[in-house]
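Note: hydrogens, waters and symmetry copies are ignored here, and every other heavy atom, side chains too, is used. Letters go in sequence order (proteins before strands), and every chain restarts at 1.
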Protein chains: 2
Amino acid sequence: MPAEQIAADLGALLLRGNRAHLYDRLTEGVVGVDSTTYPVLSGLARAGPATASRLADLIGLDRTVATRYATRLEQAGLVTRAADADDARATRLSLTPEGRQAVQTMRTALESILAEALSTSEPEEIETFARVLQRLLDALVPAPPGAPLRR
Amino acid sequence: MPAEQIAADLGALLLRGNRAHLYDRLTEGVVGVDSTTYPVLSGLARAGPATASRLADLIGLDRTVATRYATRLEQAGLVTRAADADDARATRLSLTPEGRQAVQTMRTALESILAEALSTSEPEEIETFARVLQRLLDALVPAPPGAPLRR
DNA sequence: TATTGTTATACTCTATAACTATA
DNA sequence: TATAGTTATAGAGTATAACAATA
C-alpha cells in the first residue's frame, strides 16, 4: 500500500515554499503577474468574463481580495472592468488582449514543465495518473459554490 | 492528452484555500498545531532531533521562522530544546511524548482521508499513481525531503 | 571570518468590518 | 432587507537585517 508515500509526496507538494516555487516558475518573465495574482488571472481565463464575487468563489478567495488583485491586474493592463448591462451593481472583469497573451504564455510554460516532468512515464501511466488525480481532487477539495466548472 | 487536465487539477490543488483546507482538516482537534506549525512538527518527526537551521532547510522555511514556530510548539509542550553536546552554538529540537502523539494522530488522519479519497480507484491504479507522482515531484520540486542537506 | 540561534523591524497577504449604490 | 463592489483597518505570516555567542 503506497498510501504513506502518496501522503508524503502530497505533503511535500503542498509545502508553502514548493508551491511558491512552482508559481514563480510559471509567472517569471510575465510582467504584472505574480504568485498571488496568478490564480485570479487564471481563473478569469477559465471562467470567462465574471464578477469579482463569482471569481472569488471560483478560486476560493475572499471577494475583497479578488477585487484588490483585479485592481492590480487592471493597473498592469491585463484586466478591464466594465459595467454589467443586466445588474447595475455588478462589474464584469475581462481579460485584455495583453491579459490573454499572459495567460497563454503561462499555460505554455506550465505544459512544458509538466511535459518534462512526465517524460519518464509511459502514456498509459500518465493516463492512469490523471484519472486517479481527478478522483482524489474531487474527494479532497470542497466544491466551489459556483459549481459548474472547476477545470 | 490529459496534460491539460493534470495541469488544471494540480493548479486547483495548489490554490491557497484548498491547501489551507487540507491542513486544517489534518490539524483540527490537535491542540497546539495549526496549518503553519504543522510542517515544522511533521518535519521534526521525519528528521528526528535537529537544529532549527537544518529543519528550516528540510521544509523550505527561513530559519528565523523555524525558530519562532519551534518556540510556539515548545510553549504548547510538543517540542523541547536541548543544548547540542558537540556544538555549543547549536540547539537541538526534539519531539516530546505529547508531540509524538500529535504527529501520530495527524498521520492517522491523513491516511484515513487518503484512503477514503482513493477508495474508488483500483489498487493497480493507485500504485501507478504513486509511481508517477513520485517522478513528478522529483522533477518539480527543488530539494525533495530526505535529500542530503547543506549544513 | 563564518555560523547558530534569536530578536527586531518592515512588508505582504488575508479576513472582518464598514460604506455606497443598486436590487 | 439583501447583494455587489469597494475601501479601511487590523491581524497573521514571512523575510531581511542585526545582535551575541561560539566555531
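Whole-Å rounding puts the Arg16(A) CZ to dT14(C) P distance at 11 Å. At whole-Å resolution of the value, CG in Asp34(B) and C1' in dA15(C) are 16 Å apart. Put simply, OH on Tyr38(B) is 21 Å from C1' on dA12(D), counting in whole angstrom units. To the nearest angstrom, P of dG13(D) lies 12 Å from CG of Leu61(B). One atom, CG of Asp62(B), and another, C1' of dC11(C), lie 14 Å apart when rounded to the nearest Å. Distance Asp24(A) CG to dT12(C) P: 15 Å, rounded to the nearest Å. The separation between Leu15(B) atom CG and dC13(C) atom C1' is 15 Å, rounded to whole Å. Between the CG atom of Asp57(B) and the C1' atom of dT3(C) there is a distance of 13 Å, rounded to whole Å.
The number of heavy atoms from other shown groups lying within 6.0 Å of CD (Glu98(A)) is above 12.
Side-chain contact of Arg81(A) with Thr71(A): a donor-acceptor pair under 3.5 Å is present, judged by distance alone.
In this structure, the separation between CG on Leu15(A) and CG on Leu61(B) is 8.0 Å, given to the nearest 0.5 Å.
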**Message:** At under 4.0 Å between heavy atoms, how does the protein contact nucleotides 3-10 of chain D? Give one character per nucleotide, 5' to 3', with B, S or -.
**Reply:** BBBBB---
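Side chain of Arg19(A) to backbone of Leu14(B): a donor-acceptor contact under 3.5 angstrom is found.
Taking side-chain N and O atoms only, Tyr69(A) has a distance below 4.0 Å to OP1 or OP2 of dT14(C).
Put simply, the side chain of Leu78(B) does not reach to within 4.5 Å of the side chain of Thr37(B), judged on heavy atoms.
Every residue two or more places apart in sequence or in another chain that forms a side chain to side chain contact (heavy atoms under 4.5 Å, CB included) with Thr120(B) is listed here: Arg135(A).
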